[in-house]
Amino acid sequence: MTHPRTRLAGFAVPMPAASRPVASPIYQTSTFAFDDLDAVAEALQHPDRGYAYSRHSNPTVRALEDAIADLEGGTVGLAVSSGMGAISAALLALAEPGTHVIAQSPIYGGTHSVLTRLAERFGIAVSRLHGKIPAELVGVLRPESRVLYLETIANPTTEVADLPAMIGAARTAGLTCIVDNTFATPLLCRPLEFGADIVIHSATKYLGGHDDVVAGVMAFASRDLHHLIWRLAIDLGMVADPFAAWLVLRGLKTLPLRMEAHCDNAGHLARFLSTHPQVTNVRWPGLPSHPDHELAGAILAGYGGVLSCDVAGGCTGVRQLVERLRCAALAPSVGGPRTLITHPATTSHRELDRDELQAAGLSDGTVRISAGLEYCADLIDDFDQALKP
Ligand SMILES: *Cc1c(COP(=O)(O)O)cnc(C)c1O
């Protein structure tokens with residue numbers, strides 16, 4: 001009998017032989033043991049064939065990567081430590097110093113920051129355009145242009161990008177197309193089908209879906225692009241932790257049910273707010289008054305769980321609303337069970353002055369609402385009592 005120290009160091013859970021776990025186990029291991037030298041070298045060289053070290057590949061993380069590739073209709077997936085990890089890995093891998101990136105505006109705040117601060121540091125030029133007018137793309141195109149970056153549904157205006165038209169123009173120009181599909185999820189939109197090369201999600205939002213994990217995932221049309229970005233993600237250490245990957249996998253099981261409820265609640269709330277005297281400018285792609293309503297109907301299989309509106313009284317009106325809300329919580333993020341509300345003018349868009357806010361289609365009374373999974377009538381009652389003058 002060996003010493004307890006020796007036995008403890010080699011302790012492992014045996015795989016059950018006659019039965020299998022129904023839920024996927026978490027392979028919470030940093031490294032993998034082999035029987036011979038060649039097998040280690042082979043696994044390190046080809047992460048798609050074996051597992052050697054969890055910064056390179058891990059079975060639980062791989063399960064998530066396969067699931068996202070399947071949902072998005074991609075060839076291969078990649079899971080990383082956050083949505084921003086996915087976005088910066090993709091941009092840094094594709095845009096070398098001296099190249100040019102064309103990006104939609106408005107865009108998620110963190111992506112805006114990468115496209116200004118990081119891009120400048122790495123000598124990458126950036127042009128902005130609307131997500132709907134292909135001629136604009138032709139106007140900003142340069143010989144060194146490499147990437148077109150779009151968001152399916154923009155934050156907090158809920159503008160919908162014309163993916164088929166924009167991606168078509170970018171492909172003609174030889175650009176690689178990246179689409180942040182976080183707000184739509186693969187259930188409402190599959191940008192690879194419109195010709196995108198890479199789809200990115202903050203899995204922190206709808207895919208994880210429970211406000212308990214930070215993670216990012218990507219789906220690729222081709223293995224070559226995957227390999228390029230996987231390599232960079234490994235070098236930069238942007239890997240997904242097995243437990244985080246497991247939480248996202250667990251969330252994915254109920255994504256269709258949750259997404260239907262998020263969209264339903266957002267619709268009911270949008271229609272209620274549209275008739276409310278204290279509220280103007282309700283933006284939700286499902287409303288016939290939304291500028292992109294028709295486009296949304298054509299390219300989305302649902303109108304999403306996020307809406308925004310302007311509350312009477314500007315900041316003061318918003319302050320009263322958020323202090324009185326009971327079901328809905330004041331918190332950044334979207335896509336969880338609880339309805340969340342944010343105030344862009346003092347948070348994501350705080351660097352913009354009044355004119356710039358207006359140019360972005362916002363005001364100091366704009367709130368963004370991520371409709372949660374609450375019983376709809378309770379949610380509407382909550383906003384009704386909170387909006388009483
Ligand atoms: C939250 C979010 C991100 C960033 O994701 P993290 O997981 O927070 O890093 C990127 N894009 C969109 C649209 C988001 O909502």
Side-chain angles (χ1 to χ4, degrees), residues 1-72 74-94 96 197-198 200-201 203 207-208 213-250 252:
M1 197 67 165
T2 52
H3 192 276
R5 276 175 59 170
T6 309
R7 296 202 300 280
L8 285 169
F11 172 79
V13 179
M15 262 300 172
S19 58
R20 304 175 298 282
V22 170
S24 310
I26 310 173
Y27 284 86
Q28 192 72 39
T29 183
S30 58
T31 190
F32 297 80
F34 292 83
D35 293 330
D36 67 80
L37 272 181
D38 295 340
V40 192
E42 167 77 9
L44 278 170
Q45 197 67 29
H46 300 285
D48 48 334
R49 285 182 218 160
Y51 304 101
Y53 186 62
S54 282
R55 181 158 52 75
H56 297 202
S57 58
N58 170 285
T60 307
V61 175
R62 172 73 50 79
L64 172 59
E65 295 172 337
D66 290 348
I68 196 66
D70 176 298
L71 283 172
E72 286 287 3
T75 308
V76 56
L78 182 65
V80 292
S81 53
S82 68
M84 285 317 303
I87 291 164
S88 41
L91 286 170
L92 292 177
L94 293 170
E96 284 155 22
D197 299 285
I198 304 174
I200 288 177
H201 289 272
L207 304 188
V213 61
V214 172
V217 293
M218 312 164 88
F220 297 85
S222 86
R223 286 204 172 269
D224 292 353
L225 276 177
H226 165 266
H227 193 79
L228 187 74
I229 292 167
W230 170 75
R231 198 59 259 173
L232 187 81
I234 285 184
D235 289 344
L236 295 180
M238 289 167 164
V239 290
D241 176 76
F243 183 52
W246 185 86
L247 283 170
V248 178
L249 275 170
R250 187 181 207 267
L252 280 179

Could you grab the distance from atom [atom1] of [X] to atom [atom2] of [Y], nearest 0.5 Å is fine?
X      : Y      : atom1 : atom2 : value
Asp197 : Asp224 : CG    : CG    : 11.0 Å
Ile229 : Ile198 : CD1   : CD1   : 3.5 Å
His226 : Met218 : NE2   : CE    : 9.0 Å

Could you check whether atom [atom1] of [X] has more than 12 heavy atoms from other residues, nucleotides or ligands sitting under 6.0 Å from it?
X     : atom1 : answer
Arg7  : CZ    : yes
Leu37 : CG    : no
Glu96 : CD    : no
Asp36 : CG    : yes
Arg62 : CZ    : yes
Phe34 : CZ    : yes

Where [X] and [Y] come nearest, the two heavy atoms and their spacing:
X      : Y      : result
Gly77  : Ala69  : N-CB, 3.7 Å
Trp246 : Ser24  : NE1-O, 2.8 Å
Arg55  : Val239 : O-CG1, 2.8 Å
Tyr51  : Ser57  : CD2-OG, 3.6 Å
Glu65  : Ala79  : OE2-N, 2.9 Å
Ala215 : Val248 : CB-CG2, 3.9 Å

**Request:** Any chance you could lay out the salt bridge (charged side-chain N to carboxylate O under 4.0 Å, His left out) test for Arg231 and Asp235, step after step, and finish with the verdict?
**Result:** CA-CA 6 Å; Arg231 198 59 259 173; Asp235 289 344; 3.3 Å; yes

**Prompt:** According to the interplanar angle, ranging from 0 to 90°, do the rings of His56 and Tyr53 count as parallel (below 30°), tilted (30 to 60°) or perpendicular (above 60°)?
**Reply:** perpendicular

**Message:** Which residue is it: Leu78, Leu249, Leu247, Asn58? I am looking for the one with a side chain to side chain contact (heavy atoms under 4.5 Å, CB included) to Leu64.
**Reply:**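 Single pass found, and it is Leu249.
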
Which donor-acceptor pairs under 3.5 Å do side chains of residues 81-94 form with protein atoms, sequence neighbours excluded?
unit_1, atom_1, unit_2, atom_2, d
Ser82, OG, Met84, N, 3.4
Ser82, OG, Gly85, N, 2.9
Ser88, OG, Met84, O, 2.7

**Asked** Is there side-chain contact between His201 and Ile68, with heavy atoms separated by less than 4.5 Å?
**Response** yes

